[in-house]
Amino acid sequence: MKTMIKNASVAICMLCATGAFAQTLQDAIRYTESEQYEKAKAVLKKLVAADPNNGDNYFYFGDLMLKEESPDSAFILFKKGTDINPTNPLTHVGLGRYYMYQGKNTEGQQELTNAKSLVQATAGKKDMGMTPKRQALIDLEIAETYIWAPTPDIQQALDLIATAEKLDKDNPEVYLQRGDALYKKDPVNGSPANAAYIIAAQKDPKSCKAYLRMGDIIANGQNM
């Protein structure tokens, strides 16, 4: 009996260890979105060490550093991403986001243009990894940069979001980003943004992000 218990305990420990070892980029993104930054950082460090030529890892790691208000660290990660994986549009989105957030619009626009050019050059070429979902993801990341830059470009953001919707209409991030852009465009009238957030919640009822944004609109309307 003791042997059986011991063997079962070892098996459980191995399963737990395997689960911890097998954490993915999606886990890191989820931790970042829920502001569990230390957990996200731990996963991203492992991912970069395990796959140092994957530009996506550097993009999401750099974005995490921006959220932690460590722009110097973000720049190092974004720059390394473009150096190591220059044909990956996301690496240029990251560097463009850094520049735009620092008020360096000329440099930022150039990197975002580089990202768009790389997307266009590989659009529809699944053998190069540019599936419609991948293209939509990149469009949404560029749109996010335009929305939250100190000098936003809401129309560019909305145009990119419209393209992403055609490519991946069931992606709730499309409607979250649209809501963000519309609310940034008109923070007084939150109805158009709220309508977009409602669609996002319908697309992913288990996600708290749309509900949180709807709550922000209501709270900002002094309806606590």
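Side-chain polar atoms of S34 and Q36 form a donor-acceptor pair below 3.5 angstrom. With 3.5 Å as the limit, one finds a donor-acceptor pair spanning the side chains of Y197 and D180.
Judged by distance alone, with hydrogens and angles left aside, the side-chain atoms of D51 form no donor-acceptor pair with the main-chain N or O of L47 at under 3.5 Å. In this structure, Y183 contributes its side chain and N194 its backbone to no donor-acceptor pair below 3.5 Å.
The number of heavy-atom neighbours closer than 6.0 Å to NZ of K116, taken from other residues, nucleotides and ligands shown, is above 12. Environment of NZ in K184: crowded, with over 12 heavy atoms of neighbouring residues, nucleotides or ligands closer than 6.0 Å. Within a 6.0 Å sphere centred on NZ of K203, other residues, nucleotides and ligands contribute more than 12 heavy atoms.
Nearest heavy atom pair, residue P192 against residue L182, reads O-CD1, 3.8 Å. Residues G179 and A193 come closest through the heavy atom pair O-CB, 3.3 Å. For the pair P71 and Q102, the tightest heavy-atom approach, listed with the atom from each and the gap, is CB-NE2, 3.5 Å.
Salt-bridge check for R30 with E33: failed, with every basic side-chain N at 4.0 Å or more from each acidic carboxylate O.
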(message) V93 vs F59, test: side chain to side chain contact (heavy atoms under 4.5 Å, CB included). Steps then yes/no.
(response) CA-CA 8 Å; V93 176; F59 169 77; 4.0 Å; yes
(request) For the pair M214 and I198, evaluate side chain to side chain contact (heavy atoms under 4.5 Å, CB included) and give the outcome as yes or no after the intermediate values. (result) CA-CA 8 Å; M214 286 188 273; I198 289 171; 3.7 Å; yes
(request) Kindly indicate, with the supporting measurements, whether the criterion side chain to side chain contact (heavy atoms under 4.5 Å, CB included) is fulfilled by R178 and E165. (result) CA-CA 10 Å; R178 178 170 288 145; E165 183 178 16; 2.8 Å; yes
(request) Could you walk me through whether Y37 and M65 pass side chain to side chain contact (heavy atoms under 4.5 Å, CB included), step by step? (result) CA-CA 9 Å; Y37 294 148; M65 291 296 97; over 6 Å; no
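There is no path of hydrophobic side-chain contacts, each under 4.5 Å, that joins I76 to L90. A chain of hydrophobic side-chain contacts below 4.5 Å, direct or via other Ile, Leu, Val, Met, Phe, Trp or Tyr residues, connects Y211 to I217. By the rule that hydrophobic residues join a cluster once side-chain heavy atoms approach within less than 4.5 Å of another member, I84 and L118 end up as members of separate clusters. Transitive grouping of hydrophobic side chains (ILVMFWY, heavy atoms separated by less than 4.5 Å) brings Y99 and F78 into a common cluster. Both L95 and L137 belong to a common hydrophobic cluster when Ile, Leu, Val, Met, Phe, Trp and Tyr are linked at side-chain heavy-atom distances under 4.5 angstrom.
For the atom pair CG (D170) and NZ (K133), the distance works out to 7.0 Å, reported to the nearest 0.5 Å. Considering CD1 of I29 and CG of L64, their distance stands at 11.0 Å, rounded to 0.5 Å. Once rounded to the nearest 0.5 Å, the distance linking CD of Q177 with CD of E141 reads 7.0 Å. Rounding to the nearest 0.5 Å gives a distance of 6.0 Å between NZ of K45 and CZ of F61.
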